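To keep things clear, I will list the structure first and then write my remarks on it.
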Amino acid sequence: MNARRLRRRLVNGTMTALVGALSFVAVLALVLILGHLVAKGASSLDWNFFTKNPVPTGETGGGVAHAIVGSGIIVGLAALIGLPIGIGTGLYLAEYGSGRLGWVVRFVADVLNGTPSIVVGIFVWTWLVRPMGHFSAFAGSVALAILMVPMIARTTEELVRLVPHSLREAALALGYPRWRTSLRIVARTALAGILTGCLVAVARIAGETAPLLFTALGNVNFNTHIGEPMEALSLQIFQYATGPFDEWHRLAWASALVLMGLVLVLAILARWVLRSRHGAAR
Amino acid sequence: MTTVPLEPVAAPDTRWRVLRGRNASDRLYRGALTALALMLPLLLVAFLGELGTSAWPAIRHFGVRFLVTSVWDPVAEVYGAAPMIFGTLASSFLAVLIAVPLALGVAIYLTEFSPKWVRQPIAFLVELLAAIPSVVYGLWGIFVLIPFLRTYVVPPLRALFGWTPFLSGVFYGSSLLAGSVILAIMILPYIAAVSREVLLAVPASQREAALGMGATRWEAVWTAVVPYGRAGLIGAVILGMGRALGETMAVTMLIGNRHDISLSVLQPAYTMAAAIANEFSEATTNLYLSALFEVGLILFVVTVAVNALARLLIWRVARGTAVGSRAL
């Protein structure tokens, strides 16, 4: 009997240690990746990096200003397209989504959430690039917006559902029409959560590369015209990392550090918004 | 002093219509939201339509041969996608094999064992793994992971299992192994996040019942909590599998991109997503382009099916919640 109790204790202790160790390994992976990014990228971050455009291969001292600006434009435009549709869809699911259509939309959103981004890329290529006859930043933004909508829709729905029913009833009792209740009371109350969902979605798509390969394409020159091919940081990293030159590799690490920094800032901002408004929500 | 009217006062007509949500502005609001919500299903249909039309020439030309033959020759206009289908499945399978123990470990540790104060920080750090862009994983893989595998992982693996066909050939770096390891790191946070939500959805009474009968903490987890959430956990793994199947950039940068089926994990391979990423802009003939669209269509249909299956399983445990759509 005693031996058996000992064995059970032993198993318990071993497994507790094991799952703890596994968690440590997972966190270690993140620390290693971030550590390498800083170690290999930080030394290249100087004034030139942020303000200059690339110089011809062989020369040193170029920057990636065109890619930083390009990423900003492409992602910003994608957010402009994707946020209203995503939030609207989320509100629909929360307010009217109990029927069959709601089930379908919810299911499609979840399924599209897992669609490979490269497939979205070639879809937008057939939809926009082929008919227009040329690559454009706009097509890239549309591809990223398609990736955003299902994510935002589901987080918006979930957070709008958290709003207490009594608030809605109070507004209706005061004679508010449903649409005003929905927008002024319910959505307003869930605003911090919705904002968090949007920030998370933007953080996710900011680093996407595959959907931009055949839409925004990339551009060695500084370009702010959304009807023309445009460089993005992620495209730049792909090109530089797979290229043969040390100078390119150096720039790739620095660009990756900048991109990762942007994504991290967005992610932490999202946490902060949620915490500051919701208190102990989750 | 006035008398109280005995008959009930008829409510003003407009007020009732407001409450039932039947006035013009409410209908407009509902209509607008419905229109926005309809865009997603329409998008799914448009996806299938566009990809199907573009892939049709290749489907008609090659039929089933496309799936089972291995020759991919743009000059002779012969296309067989078997190597990339094999590579996609093999890399995803290996990735899941590596990632599942880690992810389940994280999820179980965070929900059942960890002290309260480390829960949020560890969950946040693991979920940050999901925020790292694919292309950054690729960069890290090329310059850090591959040298690491070459020096520290491949030699001992060879020493132990070198006699099997799975480790034959020369290791140049870009290989099925490198692609699978990077995929494993990438899908780990997804599986961990969804598993965690599934375990959190298991009622506390399950644990309490097991502990009340004298089970150790681990026995409670293994005999009560995990079986209760089994469908959801399987769903989480399948969800991770779905991610791995369609992951593009990091794999493209690490897997070696060779149209060949090799049992050895040390040899270069190819995946469907990588083939599209690499060859789409070089596809000069219509049939070549169409063949790549067929690859995209297969990838899309497979991932949709895999995701649908995963969602249904997860919904059985955590009903209707947007599990995993918020892995950050």
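Atom set for the values below is all heavy atoms of this structure, side chains included, hydrogens, waters and symmetry mates excluded. From a predicted model like this one, the values you see are computed outputs, not experimental measurements. Numbered from 1 within each chain, the chains take letters A, B, ... in sequence-line order.
Residue with the most contacts toward chain A among Leu102(B), Leu38(B), Leu297(B): Leu102(B) (heavy-atom pairs, distance under 4.5 Å). Per-residue counts of heavy-atom pairs under 4.5 Å with chain B were compared for Thr115(A), Leu93(A), Asn12(A), Thr16(A); the largest is that of Asn12(A). Listed options Glu112(B), Met272(B), Met249(B) were ranked by heavy-atom pairs under 4.5 angstrom with chain A; first place goes to Met249(B). Per-residue counts of heavy-atom pairs under 4.5 Å with chain A were compared for Leu299(B), Leu188(B), Val144(B), Leu51(B); the largest is that of Val144(B). If you tally non-hydrogen atom pairs under 4.5 Å between each of Val104(A), Val119(A), Ile33(A), Thr14(A) and chain B, the highest count goes to Ile33(A). Interface check for chain A: of the options Ile276(B), Thr53(B), Leu44(B), the most heavy-atom pairs under 4.5 Å are formed by Ile276(B). Heavy-atom pairs under 4.5 Å with chain A peak, among Leu245(B), Leu43(B), Ile108(B), at Leu43(B). Ranked by heavy-atom pairs under 4.5 Å with chain B, the first of Pro116(A), Gly207(A), Ala252(A) is Pro116(A). For chain B, the option among Thr209(A), Val27(A), Thr196(A), Leu183(A) with the highest count of heavy-atom pairs below 4.5 Å is Thr209(A). When each of Leu32(A), Val108(A), Ile118(A) is scored by its heavy-atom pairs under 4.5 Å with chain B, the top score falls to Ile118(A). The greatest number of non-hydrogen atom pairs below 4.5 Å with chain A, out of Ala46(B), Ala35(B), Ala32(B), is found for Ala46(B). Between chain B and the options Gly97(A), Gly20(A), Ala29(A), heavy-atom pairs under 4.5 Å are most frequent for Gly20(A).
Looking at Asn307(B) and Asn113(A), their side chains never come closer than 4.5 Å, going by heavy atoms from C-beta outward. A 4.5 Å side-chain heavy-atom check between Tyr29(B) and Thr181(A) finds every atom pair outside the cut-off. Residues Leu30(A) and Val126(B) fail the side-chain proximity criterion, which asks for heavy atoms closer than 4.5 Å. In this structure the side chain of Met39(B) never reaches within 4.5 angstrom of the side chain of Val149(A), judged on heavy atoms. Looking at Trp125(A) and Phe280(B), their side chains come closer than 4.5 Å, going by heavy atoms from C-beta outward. At least one side-chain heavy atom of Thr126(A) sits less than 4.5 Å from a side-chain heavy atom of Phe293(B). Side-chain contact between Phe24(A) and Tyr109(B) is absent, with no heavy-atom pair separated by less than 4.5 Å.
With a threshold of 4.5 angstrom between heavy atoms, Phe113(B) approaches chain A through side-chain atoms but not through N, CA, C or O. For Ala305(B), no part lies near chain A; criterion is any non-hydrogen pair under 4.5 Å. With a 4.5 Å cut-off on non-hydrogen atoms, Val120(A) touches chain B through its backbone and its side chain both. In this structure, no portion of Ile205(A) lies under 4.5 Å from any heavy atom of chain B. When heavy atoms are compared at a cutoff of 4.5 Å, Val19(A) approaches chain B by way of both its backbone and its side chain. For a residue to count as touching a neighbouring chain, one of its non-hydrogen atoms must lie under 4.5 Å from one of that chain's; by this rule Phe143(B) touches chain A with backbone and side chain alike. Looking at Ile237(A), both its backbone and its side chain come within 4.5 Å of chain B, counting heavy atoms on both sides. For Leu112(A), the part lying near chain B is the side chain, with the backbone staying farther off; criterion is any non-hydrogen pair under 4.5 Å. Contacts of Leu213(A) with chain B are made by side-chain atoms alone, with heavy-atom separations under 4.5 Å and no backbone atom involved. Contacts between Ser25(B) and chain A at a heavy-atom distance below 4.5 Å involve backbone atoms as well as side-chain atoms. Only the side chain of Leu37(A) comes within contact range of chain B, with at least one heavy atom under 4.5 Å from a heavy atom of that chain. Contacts of Val111(A) with chain B are made by both backbone and side-chain atoms, with heavy-atom separations under 4.5 Å. With a 4.5 Å cut-off on non-hydrogen atoms, Ser182(A) touches chain B through its backbone and its side chain both. Heavy atoms closer than 4.5 Å to chain A are found in the side chain of Ser54(B), but not in its backbone. Using a 4.5 Å cut-off between heavy atoms, Leu139(B) touches chain A through backbone and side chain atoms alike. For Leu289(B), the part lying near chain A is the side chain, with the backbone staying farther off; criterion is any non-hydrogen pair under 4.5 Å. Both the backbone and the side chain of Leu40(B) come within contact range of chain A, each with at least one heavy atom under 4.5 Å from a heavy atom of that chain. Of the atoms belonging to Thr303(B), it is side-chain heavy atoms, and not backbone ones, that fall under 4.5 Å from chain A. With a 4.5 angstrom heavy-atom cutoff, Val135(B) touches chain A via backbone and side-chain atoms both. For Leu129(B), the parts sitting under 4.5 Å from any heavy atom of chain A are the backbone and the side chain alike. Contact annotation for Trp253(A): both backbone and side-chain heavy atoms come within less than 4.5 Å of a heavy atom of chain B. Residue Phe214(A) touches chain B through its side chain alone, counting heavy-atom pairs closer than 4.5 Å. Proximity to chain B (any heavy atom under 4.5 Å) is shown, for Leu18(A), by neither the backbone nor the side chain.
For the residue pair Pro133(B) and Met260(A), the shortest heavy atom distance occurs at CD-SD, 3.8 Å. The minimum heavy-atom distance linking Gly296(B) with Ile122(A) is given by the pair CA-CD1, 4.2 Å. When every heavy atom of Met253(B) is checked against every heavy atom of Ala241(A), the shortest pair comes out as CE-CB, 3.6 Å. The two atoms that bring Ser23(A) and Gly105(B) nearest to each other are OG-O, 3.8 Å, heavy atoms only. For Pro101(B) against Leu22(A), the heavy-atom pair with the smallest separation is O-CD1, 3.3 Å. What you find for Ala37(B) and Tyr92(A) is that their closest heavy atoms are CB-CD2, 3.4 Å.
Atom CG of Asp110(A) and atom CD1 of Ile314(B) lie 8.5 Å apart (nearest 0.5 Å). Taking CG from Leu125(B) and CG from Leu28(A), the interatomic distance works out to 11.5 Å, rounded to the nearest 0.5 Å. Taking CD1 from Ile146(A) and CZ from Phe47(B), the interatomic distance works out to 5.0 Å, rounded to the nearest 0.5 Å. Trp179(A) contributes atom CH2, which lies 12.0 Å from atom CG of Leu33(B) (distance to the nearest 0.5 angstrom). Atom CZ of Arg130(A) and atom CD of Glu50(B) lie 7.0 Å apart (nearest 0.5 Å). Atom CG of Leu259(A) sits about 10.5 Å away from atom CD1 of Ile132(B), to the nearest 0.5 Å.
Around CZ of Arg119(B), the count of heavy atoms belonging to other residues, nucleotides or ligands within 6.0 Å exceeds 12.
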